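One is the number of the first residue; the rest follow in order along the sequence. Every number for a ligand or one of its atoms is a count from 1 in the order of the listing. Not measured: the values here are computed from a predicted model.
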Amino acid sequence: MQIIQSSSSLIEIGPIECSGFCNLLNEYSDSKKIILVDENTQLHCLDFLIAQFDALSNAEVIVIPSGEENKTIEICCQVWETFSEYAISRNDLLINLGGGVIGDMGGFIASIYKRGLPFVHIPTTLLAMVDASIGGKTGVDMNHLKNQLGVFAFPKAVYVDSRFLTTLSKKEILNGKVEMLKHGIALDKAHFETLCSPSSPINDETIAASITIKQSVVEEDPKENGKRKLLNLGHTVGHALESFFLNRSPISHGTAVAYGIVVEANIAHAKKLLSNDDWLKIQHVLMENCSLPSLTFTADEISFLFKIMQNDKKNRANKILCVLPLAIGKASWDNEITFSDFQSAIMSLTK
Ligand SMILES: NC(=O)c1ccc[n+]([C@@H]2O[C@H](COP(=O)([O-])OP(=O)(O)OC[C@H]3O[C@@H](n4cnc5c(N)ncnc54)[C@H](O)[C@@H]3O)[C@@H](O)[C@H]2O)c1
C-alpha cells in the first residue's frame with residue numbers, strides 16, 4: 001500500500017480492501033452511505049466494491065448516465081432531489097465510484113448539498129486515478145463549455161485500486177496515459193522517460209509517481225495562482241478542441257489534451273523556447289504512441305477555436321494565457337498567445 005498524505009488529502013494506492021477505507025466506513029457506521037456510479041461503473045465496478053465491505057451492503061446506489069454530455073447542473077439537481085428523498089444529512093458519506101465525470105460531479109454535488117457532505121473518491125479510470133480525483137477541483141460543464149461551474153473541495157480520501165482498470169477500454173487507458181505524459185513533460189523528465197520506455201508501464205508505481213507529481217504541485221499552490229497552472233499544459237488548446245467537438249463528434253479529454261500539448265509545443269518551438277530535439281520527441285510520443293489522426297480545420301473553424309480559447313477561465317485582461325513546454329520536464333505558465341501563434345501552430349497538425 002502506498003500512502004500519500006498531505007495537509008489537504010489522503011491518497012492510498014493499492015488493493016482497496018487493504019486500505020483505510022474499512023476504518024473510514026467504521027467511522028461512518030451510523031451514517032447512510034451513498035454510492036454514485038454511472039451505468040458502466042455500476043456494471044463493472046460496483047459489485048466488486050460492495051463485495052469487499054460488509055458496511056456497503058445496504059448503501060444507497062445512485063446511477064447517472066455515463067459521458068461528459070451528462071456532466072451538467074441538471075443531472076446534479078436530479079441527484080440532489082434523490083438525496084432529499086433519501087433524507088441524506090451532513091453526517092452521511094458520498095462515495096464517488098467512477099471516472100473523472102463521476103468524481104467532478106460527485107465532489108460538486110457533495111460540497112453544495114446542505115453546504116457540504118463528506119465524500120471519498122474511488123477512481124475507476126486511469127485519468128481519474130492520476131488526475132481528476134487529485135487536487136480538489138470539482139464541477140460541471142455549462143453551454144458546452146467545460147467546468148464553467150465548480151468549487152474547490154477535497155475528499156476525505158482517495159482510494160486508488162488499479163484492478164478497476166481491467167475492464168477499461170484501450171481508448172480510456174490512453175486518455176489517462178496522456179495526463180501521465182503531461183506530468184512528465186511539464187514537471188519530471190525521468191517520469192516521461194519511464195513512460196516512453198518500450199514496456200511503457202502503467203502500474204501502481206507509475207500511477208503513484210504521477211499522483212505524487214500532481215499532489216506536490218497542488219500542495220504548493222492549491223488555488224492555482226502560480227505553479228499549479230503548469231498542470232494545464234495542453235489544456236488551453238485541448239479544452240477548446242473538446243468544446244468544439246462536443247456537439248459534433250465528441251473527442252475524449254485525453255485526445256484533446258494530447259493535441260493541445262502538440263499545438264502548445266509547436267508554439268513554444270516557433271518562439272524558439274523549446275529545442276528541436278525535445279519538440280520532435282514530444283510530437284513523436286504523442287502523435288505516434290497515442291495514435292492521433294491528423295485533423296483539418298477551415299479558416300473559420302480556426303477562428304472559432306480561438307474564440308473558444310478567449311473564453312478560457314485561465315485568461316486575464318482579455319489575453320489568452322497558456323502553458324508552454326521549455327524542455328522535457330520543464331514548462332512555464334502565463335504565456336500570451338496571439339491568433340497568429342495559434343493559427344500557424346494548429347495548421348501544422350494537418351501536415
Ligand atoms: N478535477 C480535475 O482536476 C480534473 C482533471 C482532469 C480531468 N477532469 C475531468 O474528468 C473527466 C474525464 O474523466 P474520464 O476520462 O475518467 O471520463 P469518464 O468519467 O466519462 O469515464 C470514461 C468512460 O469510462 C467508463 N468507465 C469508468 N470506469 C470504468 C471501468 N473501470 N471499466 C469500464 N468502464 C469504465 C465511464 O462510464 C465512461 O464511459 C472530464 O470531465 C474532465 O473535465 C477533471
For [atom], state which one of [options] supplies the nearest heavy atom.
atom                    : options                       : answer
atom 8 (N) of ligand 1  : Pro123, Pro65, Ala132, Ser133 : Ala132
atom 17 (O) of ligand 1 : Gly67, Gly100, Ser252         : Gly100
atom 22 (C) of ligand 1 : Gln42, Glu172, His121, Lys71  : Glu172

Is [X] close to ligand 1, meaning an N/O of one under 3.5 Å from an N/O of the other?
X      : result
Glu68  : yes
Thr167 : yes
Lys137 : yes
Asp38  : yes
Asp104 : yes
Leu165 : no

Notebook entry, point to check: With a 4.0 Å heavy-atom cut-off (strictly under), which part of Ser169 contacts ligand 1: side chain, backbone, both or neither?
Noted result: neither

Check: At a non-hydrogen distance cut-off of under 4.0 Å, which region of Asn147 contacts ligand 1 (side chain, backbone, both, or neither)?
Finding: side chain

Distance-only donor-acceptor hits, side chain of residues 184-198, under 3.5 Å, sequence neighbours excluded:
unit_1: Asp188; atom_1: OD1; unit_2: Ala190; atom_2: N; d: 3.2
unit_1: Asp188; atom_1: OD1; unit_2: His191; atom_2: N; d: 3.1
unit_1: His191; atom_1: NE2; unit_2: Ser210; atom_2: OG; d: 2.9
unit_1: Glu193; atom_1: OE1; unit_2: Lys281; atom_2: NZ; d: 3.2
unit_1: Thr194; atom_1: OG1; unit_2: Ala190; atom_2: O; d: 2.9
unit_1: Ser197; atom_1: OG; unit_2: Thr194; atom_2: O; d: 2.8

Of all heavy-atom pairs between [X] and [Y], which one has the smallest distance, and what is that distance?
X      : Y      : answer
Ala345 : Ile267 : CB-CG1, 3.4 Å
Gly135 : Phe152 : O-CD2, 4.3 Å
Ile88  : Lys114 : O-NZ, 2.9 Å

Which protein non-hydrogen atom lies closest to [atom], naming both residue and atom, and how far is it?
atom                    : value
atom 18 (P) of ligand 1 : Val101 CG2, 3.9 Å
atom 42 (C) of ligand 1 : Lys146 NZ, 3.5 Å
atom 6 (C) of ligand 1  : Asp131 OD2, 3.5 Å
atom 26 (N) of ligand 1 : Leu168 CD1, 3.9 Å
atom 39 (O) of ligand 1 : Asn40 ND2, 3.1 Å
atom 31 (N) of ligand 1 : Phe164 O, 2.9 Å
atom 21 (O) of ligand 1 : Thr125 CG2, 3.6 Å
atom 28 (N) of ligand 1 : Thr124 OG1, 2.7 Å

Next item on the list: Could you tell me whether Lys33 and Asp92 have a side-chain N and a carboxylate O separated by less than 4.0 Å?
Entry: no

Item checked: Presence of salt bridge, Lys319 and Asp334, under 4.0 angstrom -> no

Note to self: Whether Arg248 engages the ring of Phe244 as a cation-pi pair (distance to the six-membered ring centre under 6.0 angstrom, angle to the ring normal within 45°) should be assessed.
What the structure shows: yes

Check: Can a non-hydrogen atom of Gly98 be found less than 4.0 Å from any atom of ligand 1?
Finding: no

Notebook entry, point to check: Hey, does Lys214 sit under 4.0 Å from ligand 1 if you only count heavy atoms?
Noted result: yes

Note to self: Side chains of Glu179 and His253: any donor to acceptor distance under 3.5 Å?
What the structure shows: yes

Item checked: Side-chain donor-acceptor contact under 3.5 Å, Glu224 with Asn232 -> yes

Note to self: Checking the side chain of Thr206 only, and the main-chain atoms of Pro201 only, is there a donor and an acceptor separated by less than 3.5 Å?
What the structure shows: yes

Checklist line | Enumerated ligand 1 atoms positioned under 4.0 Å from heavy atoms of Leu127 | finding: 7 (C), 10 (O), 12 (C), 13 (O), 14 (P), 15 (O)

Checklist line | Pairing residues for His183 by the ring pair (Phe, Tyr, Trp, His ring centres under 6.0 Å) criterion, not counting sequence neighbours | finding: none

Next item on the list: Walk me through it: do Ser31 and Asn91 pass the test side chain to side chain donor-acceptor pair (under 3.5 Å)?
Entry: CA-CA 6 Å; Ser31 305; Asn91 302 319; over 6 Å; no

Next item on the list: Could you point out which residue of Tyr159, Phe48, Phe164 forms a side chain to side chain contact (heavy atoms under 4.5 Å, CB included) with Leu97?
Entry: Phe164

